Trainee: 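Below: one structure in structure tokens.
Keep in mind that what you see is a predicted model, and the values were worked out from it rather than measured. So you know, we letter chains A, B, ... as the sequences are listed, proteins then strands, and number each from 1.
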Amino acid sequence: MAEGKRERRESSSEESVKLFVGQVPKNMTEVQLLTMFREFALVDEVNIIKDKTTRASRGCCFVICPTREEADKAVNACHNKKTLSGASSPLQVKYADGELERLEHKLFVGMLPKNVSEAEVSALFSTYGTIKDLQILRGSQQTSKGCAFLKYETKEQAIAALDAINGKHKMEGSSVPLVVKWADTEKERQARRAQKAQSQASNVPNTDSQHPSLFGALPLGYVPPYNGFGYQAPGYGLMQYRLPPMQNQPGFHSMIPTVNQGNALRGIAPDLGPSMNPRNYAIPPASYMGSTYHLQHPLAYPGGMFSHRPLSSSPRSVPPAVLSSNSATSSSTGKGSGGQVEGPPGANLFIYHIPQEYGDQELSTAFQGFGRVLSAKVFVDKATGVSKCFGFVSYDSPEDAQSAISMMNGFQLGGKKLKVQLKRDNKQTKPC
DNA sequence: TCATATT
């Protein structure tokens with residue numbers, strides 16, 4: 001009885017809006033952030049997003065505003081407008097995933113006959129509420145794609161239309177009922193785009209037999225199916241493949257690149273001569289020597305399985321570190337490729353021209369001959385998952401970083417020469 | 001060509 005239309009104080013009411021904020025220095029508190037955002041808009045709450053296990057800030061937060069108007073005030077005042085001390089770029093302030101869609105009451109309408117107009121769709125859907133926005137999707141010649149997006153004023157209206165029309169209402173001249181669903185969120189669309197990009201990438205054959213990029217889009221550990229895996233089937237999503245372990249493939253042993261082993265012994269060390277200092281000598285030989293230097297774990301070295309490259313390939317095409325069995329070193333790096341741990345000043349490298357097919361693990365492996373790799377990260381395009389060909393490697397000592405530079409800068413890996421430099425220092429002088 | 005992250 002006492003309920004009625006009292007005030008709603010919950011910060012999660014239908015009205016309230018959640019914003020996602022990036023570029024938040026990891027040492028800021030929720031109270032500090034709340035204070036800051038309240039200079040620009042009404043804010044109910046700030047929640048810092050934390051690592052599940054360490055509870056450390058992940059450098060971003062959610063901000064809850066009581067209304068869309070207040071949220072917009074915060075976005076307009078802060079997005080790309082101010083850089084917090086310690087951040088590398090300006091604050092990113094936007095609606096959290098799914099928030100805009102939730103607020104817009106946006107519906108997708110499918111199975112529209114190609115010849116229906118906006119006016120006809122509008123007439124039908126207006127029965128259930130006020131339409132704020134409506135568009136039929138069209139192709140190049142303005143031909144309808146047979147679907148539309150529309151926005152209602154309220155959620156109740158959208159639900160009413162959805163219930164009444166989806167799967168029930170047939171438009172004039174159509175034998176199938178309309179489909180009405182909530183529109184995909186931005187996140188779902190991104191996921192879809194990524195999927196598409198992936199399958200397209202894997203279906204484009206590249207005939208450059210000299211270069212590993214031929215197989216760059218394939219899963220690591222993938223063996224080109226010269227012996228009957230039906231790889232040619234057009235339209236087949238290669239990401240679905242999970243092949244049995246290489247070692248079990250007939251002919252696997254013949255693929256072990258004796259070529260590389262030869263290259264390693266003949267080429268590497270002498271060729272790096274001029275830039276070598278005594279300290280450098282101390283490290284790589286240990287990895288070359290002994291029986292462990294065979295590629296016992298070929299999966300640790302994606303380049304390895306492409307090395308039925310002709311003998312004519314450059315003697316410098318194999319970095320020293322990847323020749324080692326990584327069993328010893330990888331355990332010492334632990335989650336070396338996982339987190340984003342940074343080493344002390346001078347121990348962090350920026351690497352450019354990383355072969356496209358390299359991931360964190362391969363980068364780590366390629367650089368572990370010079371010291372303990374704290375972390376290795378290759379940057380990838382958010383939408384497509386494709387490598388951007390640059391990344392970071394961190395050691396725990398600046399000396400290791402220096403040897404990595406002298407050994408690996410200019411080193412030919414894949415088609416290009418690596419560029420290896422100290423990472424730019426983004427830290428600002430601390431405010432007192 | 002220098003760290004974009006959605007409790």
Trainee: Would you say A/Gln23 reaches B/dT4's phosphate, i.e. side-chain N/O to OP1/OP2 under 4.0 Å?
Mentor: yes

Trainee: When you measure from the side chain of A/Phe350, which nucleotide among B/dC2, B/dA5, B/dT6 comes out closest?
Mentor: B/dC2

Trainee: If I compare all heavy atoms of A/Tyr152 with all of A/Phe125, which pair ends up nearest, and what's the gap?
Mentor: OH-O, 2.5 Å

Trainee: To the nearest angstrom, how far is A/Tyr352 atom OH from B/dC2 atom P?
Mentor: 8 Å

Trainee: Just checking, any donor-acceptor pair under 3.5 angstrom between side chains of A/Gln92 and A/Asn80?
Mentor: yes

Trainee: Measure CG/A/Leu19 against C1'/B/dT7 and give the value in whole Å, please.
Mentor: 15 Å

Trainee: Separation of A/Phe20 atom CZ from B/dT6 atom C1', in whole Å?
Mentor: 5 Å

Trainee: Counting the atoms with a prime plus P, OP1 and OP2 as sugar-phosphate, which does A/Lys52 contact under 4.0 Å by heavy atoms, base, sugar-phosphate, or nothing?
Mentor: nothing

Trainee: From the options B/dA5, B/dT7, B/dT4, select the nucleotide whose nearest atom is closest to the side chain of A/Ser89.
Mentor: B/dT4

Trainee: Picking from B/dA3, B/dC2, B/dA5, which would you name as closest to the side chain of A/Glu342?
Mentor: B/dA3

Trainee: Applying salt bridge (Lys or Arg N to Asp or Glu O under 4.0 Å), name anything that partners A/Asp184, two or more places apart in sequence or on another chain.
Mentor: A/Arg192

Trainee: With distance as the sole criterion, do the side chain of A/Lys419 and the base of B/dT1 form a donor-acceptor contact below 3.5 Å?
Mentor: yes

Trainee: Describe the nucleic acid contact of A/Lys26 in one word from base, sugar-phosphate, nothing, applying a heavy-atom distance below 4.0 Å.
Mentor: nothing

Trainee: According to the side chain to side chain donor-acceptor pair (under 3.5 Å) rule, which pairs have a member within residues 154-163 of chain A, sequence neighbours left out?
Mentor: A/Glu14-A/Lys155

Trainee: Can A/Phe392 be called stacked on B/dA3 when the rule is centres closer than 5.5 Å and an angle between planes below 30°?
Mentor: yes

Trainee: Rounded to whole Å, how long is the line connecting atom CD of A/Glu99 with atom C1' of B/dT6?
Mentor: 11 Å

Trainee: Under 3.5 Å, is there a donor-acceptor pair linking the side chains of A/Asp72 and A/Tyr95?
Mentor: yes

Trainee: May I have the distance from A/Asp97 (atom CG) to B/dT7 (atom P), rounded to whole angstrom?
Mentor: 8 Å

Trainee: In whole angstrom, give the distance that lies between atom CD of A/Glu101 and atom P of B/dT6.
Mentor: 16 Å

Trainee: How many whole angstroms separate atom CG of A/Asp51 from atom C1' of B/dT4?
Mentor: 16 Å

Trainee: To the nearest Å, how far apart are A/Lys377 NZ and B/dA3 P?
Mentor: 13 Å

